[in-house]
Amino acid sequence: MEAFTKNVIKIIQHIPSGYVMTYGQIAKVAGKPRGARQVVRILHSMSGKYELPWHRVINIKGEIVIQDDEGAYTQKALLESEGICFRGNKVLNLEKYRYKPDADFLEKELQSF
DNA sequence: CGTCTGACGTGGT
DNA sequence: TACCACGCCAGAC
């Protein structure tokens, strides 16, 4: 498996309850500043094979953008249960809930390439 | 091979 | 704030 893919999985698993990250932010931290769409792809292919808090990943506007209605409802419910408030499908105070991995984690857990 | 497609992001209006 | 056009890039076909 590619280093980038491993990094993405580790980063998502590292997001604490009650926090979120954006697709682009994860891609950047994992080593591909323009890899947001790859993060999307990885989520699609891996969400069933690993224990991933996929619901904590949203777009840069703070919106839930899942196509499937039931999936979107599930994601919103999970985030609300962790204390995050919404207006429609949009997270309020995205910057307040945005998780920023610390340098120590990045250095020890992620593969550089 | 070329083309199309996204659970995206940025910049312009 | 909202919408649009465009850049992006790996898979599917």
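Note that the structure is predicted; figures quoted are calculated from it, not measured. So you know, we letter chains A, B, ... as the sequences are listed, proteins then strands, and number each from 1.
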- Residue of the set A/Ile12, A/Ile15, A/Ile66 for which side chain to side chain contact (heavy atoms under 4.5 Å, CB included) holds with A/Trp54: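 One option only clears the test, and that one is A/Ile66.
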[X] and [Y]: which non-hydrogen atoms are nearest, and at how many Å?
X: A/Val91; Y: A/Ile84; result: CG1-CG2, 3.7 Å
X: A/Val8; Y: A/Ala30; result: CG2-CB, 3.8 Å
X: A/Val57; Y: A/Thr22; result: CG1-C, 4.4 Å

With distance as the sole test, does [X] use its side chain to make a donor-acceptor pair with the main-chain N or O of [Y] at under 3.5 Å?
X: A/Asn59; Y: A/Val65; result: no
X: A/Lys76; Y: A/Gly88; result: yes
X: A/Lys10; Y: A/Glu109; result: yes
X: A/Arg98; Y: A/Met21; result: no
X: A/Gln75; Y: A/His55; result: yes
X: A/Asn93; Y: A/Lys96; result: no
X: A/Ser47; Y: A/Leu43; result: yes
X: A/Gln25; Y: A/Tyr99; result: yes

- Sticking with atom P, work out how far B/dG12 lies from C/dC8, rounded to a whole angstrom.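 The same atom, P, in both gives a distance of 15 Å.
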- Item | P gap between B/dA7 and C/dC13, integer Å |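 Each nucleotide's P atom is 15 Å from the other's.
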- Message: Does A/Leu110 form a side chain to side chain contact (heavy atoms under 4.5 Å, CB included) with A/Val29? I'd like the steps, not just the answer.
- Response: CA-CA 9 Å; A/Leu110 300 189; A/Val29 171; 4.0 Å; yes
- Considering only heavy atoms, which members of residues 34-54 of chain A lie under 4.0 Å from some atom of DNA chain B?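 A/Ala36, A/Arg37, A/Val40, A/Leu43, A/His44, A/Trp54 - these, ordered by number, are the residues of the stretch whose heavy atoms sit under 4.0 Å from the strand.
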- Item | Close approaches to DNA chain B from residues 66-89 of chain A, in residue order (heavy atom, under 4.0 Å) |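 Residues of residues 66-89 of chain A that come under 4.0 Å of DNA chain B are, in numerical order, A/Ile66, A/Gln67.
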- Between A/Val65 and A/Ile60, which is nearer to the 5' end of DNA chain B once each is assigned its nearest nucleotide?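 Nearest nucleotide further toward 5': that of A/Val65.
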- Item | salt bridge (charged side-chain N to carboxylate O under 4.0 Å, His left out) partners for A/Lys108, two or more places apart |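 Partners of A/Lys108 by the salt bridge (charged side-chain N to carboxylate O under 4.0 Å, His left out) criterion, ordered by chain and then number, come out as A/Asp104.
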- Task: Check the pair A/Tyr19 / A/Arg56 against side chain to side chain contact (heavy atoms under 4.5 Å, CB included), numbers first and verdict last.
- Result: CA-CA 7 Å; A/Tyr19 286 84; A/Arg56 298 185 187 133; 5.8 Å; no
- Start and end of the DNA chain B segment that chain A contacts, any atom under 4.0 Å from a heavy atom: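 Listed 5' to 3', the contact boundaries are B/dG6 to B/dT10.
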- Item | Interface limits on DNA chain C, where chain A has a heavy atom under 4.0 Å of a nucleotide atom |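 Nucleotide range with atoms under 4.0 Å of chain A: C/dG7 to C/dG11.
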- Any stems for DNA chain B, made of 3 or more Watson-Crick or G-U pairs in a row, each with both distances under 3.5 Å?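 For DNA chain B the paired stretches long enough to count as stems (3 pairs minimum) are B:2-6 with C:9-13, B:8-13 with C:2-7.
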